[in-house]
2 protein chains.
Amino acid sequence: MNNTNQSGLAAERRDAIRAMLRERHVARVAELAEGAGVSEATVRRDLAELESRGFIRRVHGGAVSLEDAVREAPFDDKAELAAAEKRRIAEAALQRIKPGDAIFLDGGSTVLALARLLADRDRLTIVTNSLRVAALLAGGGPDMIVVGGEFRRISQTFVGSLTRHAIEPLHVDTAFMGTIGLTAAHGMTTTDPREALTKELIMRNASQVVLLADSSKVGTVSFVAFGSLRDVDVLITDKGIGKTEENRIRKRGVEVVKQ
Amino acid sequence: MNNTNQSGLAAERRDAIRAMLRERHVARVAELAEGAGVSEATVRRDLAELESRGFIRRVHGGAVSLEDAVREAPFDDKAELAAAEKRRIAEAALQRIKPGDAIFLDGGSTVLALARLLADRDRLTIVTNSLRVAALLAGGGPDMIVVGGEFRRISQTFVGSLTRHAIEPLHVDTAFMGTIGLTAAHGMTTTDPREALTKELIMRNASQVVLLADSSKVGTVSFVAFGSLRDVDVLITDKGIGKTEENRIRKRGVEVVKQ
DNA sequence: TTGAATCTGAGCAAAGTTAATCATTATCGT
DNA sequence: ACGATAATGATTAACTTTGCTCAGATTCAA
């Protein structure tokens, strides 16, 4: 990190801070101060400004980028592997879709992997509250209905009362849901109450609910619970899931598919 | 930076300032003053002028270029000109937005050019039925509400009854509308009935309606009429508009701004 | 749970930037 | 060449930005 800023133009410095954060994803205030060649106080003010504009998120001691790094190829084995896992899960989910179906796709990277596989289908109606899914299918493919609402930048989804009203009259054959946390004890959990409300309403309006969650989600608990495991028909995950947790989830009436 | 400008022609100096900014992307007032061989006061005046025309953005201490530095040479004069025209129109529209406003942006390339200029604003709420606008502002910037609905691929917008229901409870200060055709006789026209219905409802829910239409639209008629010229407060267009049509539109009570 | 270390935001003074005003110089049409 | 008009540069008061200090909040480890 050595973008030492010579000209001292505030706007330029903020761009540099954004760039540093995009690249490293997280950084401490002290690092950013050194990188930009200004005091920590100034970096804090910049971060407050950038946060209010939605580019970054403040955390104690530093900040996290909310922008997608260009994902240069420094060969992140772990992310690589996770992406392959997600695609395997998405492929298994594909089996549950019949021609002519109306399906719901919510936010989250695993569900996004499924959307990618559907991009050249027709005879299918997709309902989604995810901007990423919408953008992915904007070029062509199935019919698409987007439920709008307030835009939540962190998850790139639409939430709030407008979203709920938009979902209300819609009924889908199958809802493909993502989750942040999943345990038999706490059920499905996510980070945002508005997100949780949206997910609940979707599950209520679907004949069948398929939960897509790689094994890293299983056993973790997030902030807000949504729905109930009893409403989930199928969980599609990978072989990394623990036997104990798997059995407990099965006992809640969920069919578990390990891909 | 050593473009010291001797000839003393103001227009030439402004071109030089634009060029310096294109090249370096940002520069301080002092640097530009030295490069142009004039006082800082003059540079500030030039920068104000260039900003009002949409070529640059002023920042504390200097300025940022809004023009693409890369300017590859295939030199598509026509597209070049059209894009510049659109940006000039968008820049004029910017004047009609106050901090804290809620505004509507509909589909269409001129309105998209306006969205681009708003990407780093905060203190602003943007409502849109355009996926392109949504994607453009997804990274950061103003608060955003997207009115969803059936996705119409040709225009990359949301239309239909879901969209109408989503718009109904929303009221904005200013609606910035695009159109396919515009004549005094037929009013505003577009290609799709559902699109037309959406536009009408938006105009009804806005305190002020600003129509953005480059002069190529003026005098052409499309398939479905929407709204009435009486509901339009301001038309922002370019100098290519014909005198006759301009006067007829003015007689309908529309303020015409030629950029 | 407690304490040490760290982080944060608020207030403040110094430095830098801006916009407004005004006197001076350049340009233009006749 | 002349006066009218516009552009420029200097001056200054108002505003922004910045770095510093300090009291209170937060984190982490014992």
Side-chain angles (χ1 to χ4, degrees), chain A residues 1 3-21 24-66 191 221-223, chain B residues 1 3-21 24-66 91 94-95 98-100 120-123:
Chain A
M1 177 150 352
N3 309 27
T4 308
N5 190 316
Q6 300 276 4
S7 83
L9 218 56
E12 200 176 351
R13 185 188 58 233
R14 282 191 273 258
D15 282 349
I17 289 175
R18 265 174 72 185
M20 288 187 239
L21 279 167
R24 307 196 16 181
H25 192 239
V26 294
R28 337 200 82 245
V29 173
E31 295 170 325
L32 294 170
E34 194 190 343
V38 292
S39 76
E40 298 193 2
T42 301
V43 170
R44 289 203 180 89
R45 276 184 276 245
D46 285 347
L47 292 178
E49 170 73 18
L50 291 173
E51 179 169 43
S52 86
R53 291 191 190 175
F55 295 118
I56 64 142
R57 170 138 47 125
R58 210 51 230 290
V59 295
H60 195 88
V64 181
S65 177
L66 297 179
T191 50
V221 180
S222 184
F223 182 47
Chain B
M1 176 148 355
N3 309 27
T4 308
N5 191 315
Q6 299 279 4
S7 84
L9 243 159
E12 203 174 333
R13 184 187 60 233
R14 278 184 269 239
D15 283 349
I17 289 175
R18 267 174 69 186
M20 288 187 239
L21 278 167
R24 305 198 17 182
H25 190 241
V26 294
R28 340 194 85 251
V29 172
E31 295 169 328
L32 294 169
E34 195 190 341
V38 291
S39 75
E40 298 194 1
T42 302
V43 169
R44 289 203 181 89
R45 277 184 275 246
D46 285 347
L47 291 178
E49 171 70 19
L50 291 172
E51 179 170 42
S52 86
R53 291 203 208 157
F55 295 119
I56 64 141
R57 167 89 49 96
R58 210 53 229 290
V59 296
H60 195 90
V64 181
S65 177
L66 295 179
E91 189 60 43
L94 216 51
Q95 319 277 320
K98 302 181 302 294
D120 62 356
R121 291 267 179 115
D122 52 358
R123 322 209 89 261

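A note on names: the letters A, B, ... follow the listed sequences, proteins ahead of strands, and every chain is numbered from 1.
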Check if the side chain of A:R45 and the base of C:dG9 share a donor-acceptor pair of N or O atoms closer than 3.5 Å. no
Quick one: on DNA chain C, does A:R58 or B:V29 contact a more 5' nucleotide (nearest heavy atom)? A:R58
Measure from the side chain of B:A41, starting at C-beta and using heavy atoms only, and say which of D:dT17, D:dA10, D:dG19 lies closest. D:dA10
Calculate the interatomic distance between B:E12 atom CD and C:dA26 atom P; express it in whole Å. 18 Å
Could you tell me the separation between the CG atom of A:L47 and the C1' atom of D:dT18, rounded to a whole number of Å? 15 Å
Closest listed nucleotide, where the reference is the side chain of A:R44 and the choices are C:dG9, D:dC20, D:dT17: C:dG9
Is it true that B:R45 and B:E49 make a salt bridge, defined as a side-chain N closer than 4.0 Å to a carboxylate O? no
What nucleotide, of D:dG19, C:dC7, D:dT17, holds the atom closest to the side chain of A:S39? D:dG19
In whole angstrom, what separates A:E49's CD from C:dT8's P? 17 Å
In whole angstroms, how far is the P atom of D:dA7 from the CZ atom of B:R13? 10 Å
Send over the distance from A:L9 CG to D:dT17 C1', rounded to a whole Å. 12 Å
Rounded to whole Å, how long is the line connecting atom CG of A:D46 with atom C1' of D:dT16? 13 Å
For C:dT17, does either OP1 or OP2 sit under 4.0 Å from a side-chain N or O belonging to B:R28? yes
Side chain to side chain contact (heavy atoms under 4.5 Å, CB included) partner of B:D15, the single match among B:R18, B:E12, B:R13: B:R18
Name the nucleic acid region contacted by B:V43, choosing base, sugar-phosphate or nothing; use a 4.0 angstrom heavy-atom cut-off, strictly under. nothing
From D:dT18, D:dT8, C:dA19, nucleotide with atom closest to B:T42 side chain: D:dT8
Neighbour count >12 (heavy atoms, 6.0 Å) for atom CZ, B:R58: yes
I want to verify a distance call: between D:dC20, D:dG9, C:dT8, whose nearest atom is closest to the B:V38 side chain? D:dG9
With a 4.5 Å cut-off on side-chain heavy atoms, are B:E31 and B:R24 touching? yes
5' priority, DNA chain D, between A:E40 and A:H60 [closest heavy atom]: A:E40
If every non-hydrogen atom of A:A63 is compared with every non-hydrogen atom of A:L47, which pair is closest and at what distance? CB-CD2, 3.9 Å
